[in-house]
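Inspection log for the structure reproduced underneath, given as structure tokens.
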Amino acid sequence: MTRRLALAAVLVLLASGCATRSSYRRLQTDVQTVRGEVTDLRRAQETLARDLARATTESRALTARAAELSAALKEGAAEVARLRARVEAAEAEAREAKAQAQAAAKTAPPVAPPAAPPPAMQRPREPVPRAESAGQTYKAALATFRSREHGQAVLDFLDFIAKYPKHPLVANAQYWIGEAYYVQRDYRQALAEFQKVLELAPTSAKAADALLKIGYAHRALRDERRARQNWQRVVGDFPKSEAAVKARALLR
């Protein structure tokens, strides 16, 4: 700035005719200096423009990479949820098989072998067609579910409940109806079906499993508050159940 003022002063002197030879030389030096400064400034501006363009490109690349990572994270979370549902279904099936065996052992009365008639009175017996039992109907419906024919499995379990409304496995059948809708991601219908388990057998082990899955369905519907409420209910009402162990982990 001082050099520019000096240059302006020299120009004024030249205009007035009072400038000396030394003043003129100093003016030339100052002009060359100013030209150099202008050149340096122009180069600095070009460098700054290149740096800004490079930074803009890098910023766009980072934004695109962040979007890719976000999409990958969401897909990973969805895959974890699907694997968790499959693991839970497998665990529930194992418990189901155990409960079914225990129920069959309790309900099946001991059958004494019939006394054989004397040889002279024996007659050939005609084969009598056997009706399908409740246990066979239930097993067939469960096999349909395991083969991932979920729509048909729902119909089969509904048929079982209609035929044997007082059977000990009715609550289990209702649970699998809810599970069929859950694995198909029809979470609202799954909520309604799992709620029926609580109405059929509010104190059973299947009620604890149903409450746990109700929480999962609420979380899938982005209602975290209701999900936690149901998991807290599992811990409070069924503290020693396997569902309570999972609920505690989810609440943590």
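Reckoned from all heavy atoms, side chains included, excluding hydrogens, waters and symmetry mates.
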Once ring pair (Phe, Tyr, Trp, His ring centres under 6.0 Å) is applied, do any residues pair with His150, and if so which ones, sequence neighbours excluded? Phe145
At their closest point, which heavy atom of [X] faces which heavy atom of [Y], and how far apart are they?
X: Lys206; Y: Val197; value: O-CG1, 3.7 Å
X: Ala243; Y: Asp209; value: CB-OD1, 3.7 Å
X: Ala180; Y: Gln184; value: O-NE2, 3.0 Å
X: Ala208; Y: Val234; value: O-CG2, 3.9 Å
X: Asn230; Y: His218; value: ND2-CD2, 3.6 Å
X: Ala207; Y: Ala201; value: CB-O, 3.2 Å

[atom1] of [X] to [atom2] of [Y]: how many Å apart, nearest 0.5 Å?
X: Leu169; Y: Thr137; atom1: CG; atom2: OG1; value: 11.0 Å
X: Trp176; Y: Tyr182; atom1: CH2; atom2: OH; value: 13.0 Å
X: Arg225; Y: Arg219; atom1: CZ; atom2: CZ; value: 14.5 Å
X: Arg43; Y: Gln45; atom1: CZ; atom2: CD; value: 13.0 Å
X: Leu251; Y: Gln232; atom1: CG; atom2: CD; value: 5.5 Å
X: Trp231; Y: Leu211; atom1: CH2; atom2: CG; value: 12.0 Å

Within the 4.5 Å heavy-atom criterion, are Arg248 and Pro239 side-chain neighbours or not? yes
For Leu142 and Arg146, what are the C-alpha separation, side-chain angles and deciding distance, and is it a side chain to side chain contact (heavy atoms under 4.5 Å, CB included)? CA-CA 6 Å; Leu142 189 58; Arg146 289 172 179 171; 3.4 Å; yes
Checking Arg50 against Thr47: is there a side-chain donor and acceptor pair closer than 3.5 Å?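 Indeed, the side chains of Thr47 and Arg50 share at least one donor-acceptor pair under 3.5 Å.
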Derivation and outcome, side chain to side chain contact (heavy atoms under 4.5 Å, CB included), residues Leu250 and Leu212: CA-CA 10 Å; Leu250 291 165; Leu212 183 70; 3.9 Å; yes
Listed partners of Asp237 passing salt bridge (charged side-chain N to carboxylate O under 4.0 Å, His left out), at least two apart: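 Listed in chain order: Arg233.
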Group every Ile, Leu, Val, Met, Phe, Trp and Tyr by side-chain heavy-atom contacts under 4.5 Å, then state whether Tyr216 and Leu221 land in the same group. yes
In the single-linkage hydrophobic clustering (I, L, V, M, F, W, Y; side-chain heavy atoms under 4.5 Å), do Leu198 and Leu158 co-cluster?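 Both belong to a single hydrophobic cluster.
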Inspect the surroundings of CD in Glu242 and state if more than 12 heavy atoms from other residues, nucleotides or ligands are less than 6.0 Å away.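 It does not: Glu242 CD has 12 such atoms or fewer within range.
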Within a 6.0 Å radius of atom CZ on Arg148, are there more than 12 heavy atoms belonging to other residues, nucleotides or ligands? no
Yes or no on side chain to side chain contact (heavy atoms under 4.5 Å, CB included) for Phe160 and Asp156, after CA distance, side-chain angles and deciding distance? CA-CA 6 Å; Phe160 171 82; Asp156 292 346; over 6 Å; no
Among Arg226, Gln229, Gln195, find the one that has a side-chain contact (heavy atoms from CB on, under 4.5 Å) with Ile214. Gln195
Check the pair Phe157, Glu193 against side chain to side chain contact (heavy atoms under 4.5 Å, CB included), reporting the backbone distance first and the verdict last. CA-CA 12 Å; Phe157 282 122; Glu193 301 300 336; over 6 Å; no
Measure the acute angle between the ring planes of Tyr164 and His167, then classify it against the limits of 30° and 60° as parallel, tilted or perpendicular. perpendicular
